[in-house]
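Every chain is numbered from 1 and lettered A, B, ... according to where its sequence line falls, protein lines coming before strand lines.
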There are 2 protein chains.
Amino acid sequence: MTTDAFLADCRARLAFDLLSNTWNAVVLWALRDGPRRPVELRERIGGISSKVLTETLRRLQFNGLVDRQADPDAPSRIEYQLTALGKTLLAPIDAVGAWAFEYGDEVMAAQEAACTPDPQSPRPIC
Amino acid sequence: MTTDAFLADCRARLAFDLLSNTWNAVVLWALRDGPRRPVELRERIGGISSKVLTETLRRLQFNGLVDRQADPDAPSRIEYQLTALGKTLLAPIDAVGAWAFEYGDEVMAAQEAACTPDPQSPRPIC
DNA sequence: CCGCATCCCTTACGATACTG
DNA sequence: CAGTATCGTAAGGGATGCGG
């Protein structure tokens with residue numbers, strides 16, 4: 001792959017920007033099984049306000065990852081679903097999620113260790 | 001994998017938090033080939049200020065992904081390198097980067113399309 | 001060169017309340 | 001239920017300058 005060039009302002013930054021916020025990846029993931037209504041998404045996800053969910057969906061829509069559709073019979077019934085492009089992002093997201101499951105404990109352990117620091121090391125963040 | 005549970009406040013969020021800022025992934029990537037001094041990192045990366053780089057490295061250090069070492073001979077010569085844990089994150093990062101190389105064009109195309117909108121669709125972000 | 005201290009700005013995010 | 005409008009806070013990030 002030798003994606004070394006993605007430093008500076010290479011194209012790969014684009015994907016990191018897509019994942020550089022709290023909710024994009026989570027919402028994409030919540031849509032993995034098929035179309036979902038906003039209220040369903042909020043239930044599945046938990047802890048996301050209506051406003052932020054809408055913002056996130058607009059952002060994903062803007063980037064071509066998500067599609068918005070109103071039920072022809074009941075136009076107030078809205079559904080969102082992944083586009084073909086959006087589905088292709090599930091694999092990388094899954095890779096990140098799988099990593100977390102495997103190494104999440106180590107990260108938390110490191111955080112705790114950093115909070116009871118060896119006094120002579122350059123001070124940690126905490 | 002069925003990481004469906006990572007919605008709500010599951011552990012998988014941990015990894016997304018790690019990648020939920022502009023520079024963490026980029027700096028990790030810049031360290032992939034071995035130890036680097038801050039000045040080297042800034043050259044490789046481009047567009048990152050000294051202050052922000054330091055903050056980022058502290059953050060990564062705090063999460064156990066990066067290690068800071070001073071040259072015993074010249075203590076003002078500092079080097080950072082990936083920890084074993086940090087190296088394991090390279091694979092998921094690579095997955096994201098590879099995705100960007102493959103689909104980045106489509107994202108940019110979608111962005112442009114959203115900026116010259118079909119007037120009757122729910123307004124895009126722009 | 002390292003990295004800390006300031007200052008300032010922008011934006012994400014959250015809570016709440018309100019309209020169709 | 002879907003979405004918007006406000007308001008407020010917190011944090012990321014950029015620019016600059018200083019001290020070790």
Side-chain angles (χ1 to χ4, degrees), chain A residues 8-9 13 16-28 30-31 35-63 66-81 120-126, chain B residues 8-9 13 16-28 30-31 35-63 66-81 120-126:
Chain A
D9 43 10
R13 247 355 136 73
F16 290 109
D17 290 345
L18 286 179
L19 303 184
S20 284
N21 68 59
T22 310
W23 297 112
N24 276 11
V26 178
V27 170
L28 287 174
L31 285 169
R36 288 280 183 274
R37 305 177 61 195
V39 64
E40 296 173 310
L41 289 174
R42 296 185 55 196
E43 285 168 7
R44 279 193 100 183
I45 293 175
I48 186 173
S49 71
S50 160
K51 176 202 161 205
V52 172
L53 176 61
T54 302
E55 287 172 350
T56 303
L57 288 166
R58 289 280 181 286
R59 204 159 42 215
L60 296 173
Q61 190 183 359
F62 174 71
N63 288 284
V66 151
D67 200 27
R68 182 193 135 117
Q69 281 177 358
D71 186 326
D73 300 334
S76 73
R77 182 189 181 90
I78 305 292
E79 277 193 344
Y80 292 90
Q81 60 183 318
Q120 84 215 38
S121 62
R123 89 190 65 98
I125 288 193
C126 292
Chain B
D9 44 9
R13 254 342 143 77
F16 290 109
D17 290 346
L18 286 179
L19 303 184
S20 283
N21 68 59
T22 310
W23 296 111
N24 275 11
V26 178
V27 170
L28 286 174
L31 285 168
R36 287 280 182 275
R37 305 178 61 196
V39 64
E40 295 172 312
L41 289 173
R42 296 185 55 197
E43 285 168 7
R44 277 193 101 182
I45 293 174
I48 186 173
S49 73
S50 160
K51 175 204 162 204
V52 172
L53 175 62
T54 302
E55 287 173 352
T56 303
L57 287 167
R58 288 282 181 285
R59 206 158 42 214
L60 296 173
Q61 188 182 2
F62 174 69
N63 287 284
V66 151
D67 200 27
R68 180 193 138 117
Q69 281 177 359
D71 185 327
D73 300 334
S76 73
R77 181 188 182 91
I78 307 292
E79 278 193 342
Y80 292 90
Q81 61 183 318
Q120 84 215 37
S121 62
R123 89 190 65 98
I125 288 192
C126 293

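- Atom CD in E55(B) sits about 13 Å away from atom C1' in dC7(C), given to the nearest Å.
- For the pair P38(B)/L53(B), a side-chain contact is recorded, criterion being any heavy-atom separation below 4.5 Å from C-beta on.
- Close to dG14(D), at under 4.0 Å from its OP1 or OP2, lies a side-chain N or O of W23(B).
- E43(A) places its CD atom 11 Å from the C1' atom of dC1(D), with the value rounded to the nearest Å.
- The shortest side-chain heavy-atom distance between T56(A) and T22(A) does not fall under the 4.5 Å cut-off.
- Under a 4.0 Å N-O distance rule, the pair E55(B)/K51(B) qualifies as a salt bridge.
- Shown here for R42(A) and S49(A), the closest heavy-atom pair between the two residues is NE-C, 4.1 Å.
- Atom CG of D73(A) is separated from atom C1' of dC1(D) by 17 Å (rounded to the nearest Å).
- In this structure, CD on Q61(B) lies 7.5 Å from CG on D67(B), to the nearest 0.5 angstrom.
- Side-chain nitrogen and oxygen atoms of R36(B) include none within less than 4.0 Å of the OP1 or OP2 phosphate oxygen of dC1(C).
- The side chain of S49(A) places no N or O atom within less than 4.0 Å of a non-bridging phosphate oxygen (OP1 or OP2) of dA15(C).
- dA12(C) atom P lies 13 Å from atom CD1 of I48(A), rounded to whole Å.
- Nucleotide dG14(D) holds its C1' atom 15 Å from the CG atom of N21(B), rounded to whole Å.
- For L53(B) and dG14(D), the CG to P distance is 11 Å, given to the nearest whole Å.
- A distance of 5.0 Å separates CH2 of W23(A) from CD1 of I48(A), quoted to the nearest 0.5 Å.
- Nearest nucleotide to the side chain of I78(A), out of dC1(C), dC13(C), dA2(D): dA2(D).
- Between R58(B) and dC4(C), a side-chain N or O to OP1/OP2 separation shorter than 4.0 Å is present.
- Among the duplex regions that DNA chain D forms, those built from at least three successive Watson-Crick or G-U pairs under 3.5 Å are C:3-20 with D:1-18, ordered by first number.
- Heavy-atom distances to DNA chain C give each of S50(A) and S20(A) a nearest nucleotide, and the one nearer the 5′ end belongs to S20(A).
- Regarding contacts with the backbone of dC1(D), every side-chain N or O of S76(A) stays at 4.0 angstrom or more from both OP1 and OP2.
- If you measure from atom CZ of R59(B) to atom P of dC4(C), you get 14 Å, rounded to the nearest angstrom.
- Between the CG atom in N24(A) and the CG atom in L57(A) there is a gap of 9.5 Å [rounded to 0.5 Å].
- Considering only the side chain of T54(B), dC4(C) comes nearest among dG14(D), dC4(C), dA12(C).
- One interatomic measurement links the two molecules: CG of D17(A) to C1' of dG12(D), which rounds to 13 Å at whole-angstrom precision.
- Taking every side-chain heavy atom of K51(A) into account, dC7(D) is the closest of dG13(D), dC7(D), dC2(C).
- You'll find that the side chain of T22(B) is closest to dG12(D), out of dC2(C), dA12(C), dG12(D).
- To the nearest 0.5 Å, atoms CD1 (I78(A)) and CG (D71(A)) are separated by 9.0 Å.
- Taking side-chain N and O atoms only, R37(B) has a distance below 4.0 Å to OP1 or OP2 of dC2(C).
- Contact check, R77(A) against dC1(D): no side-chain N or O comes under 4.0 Å of OP1 or OP2.
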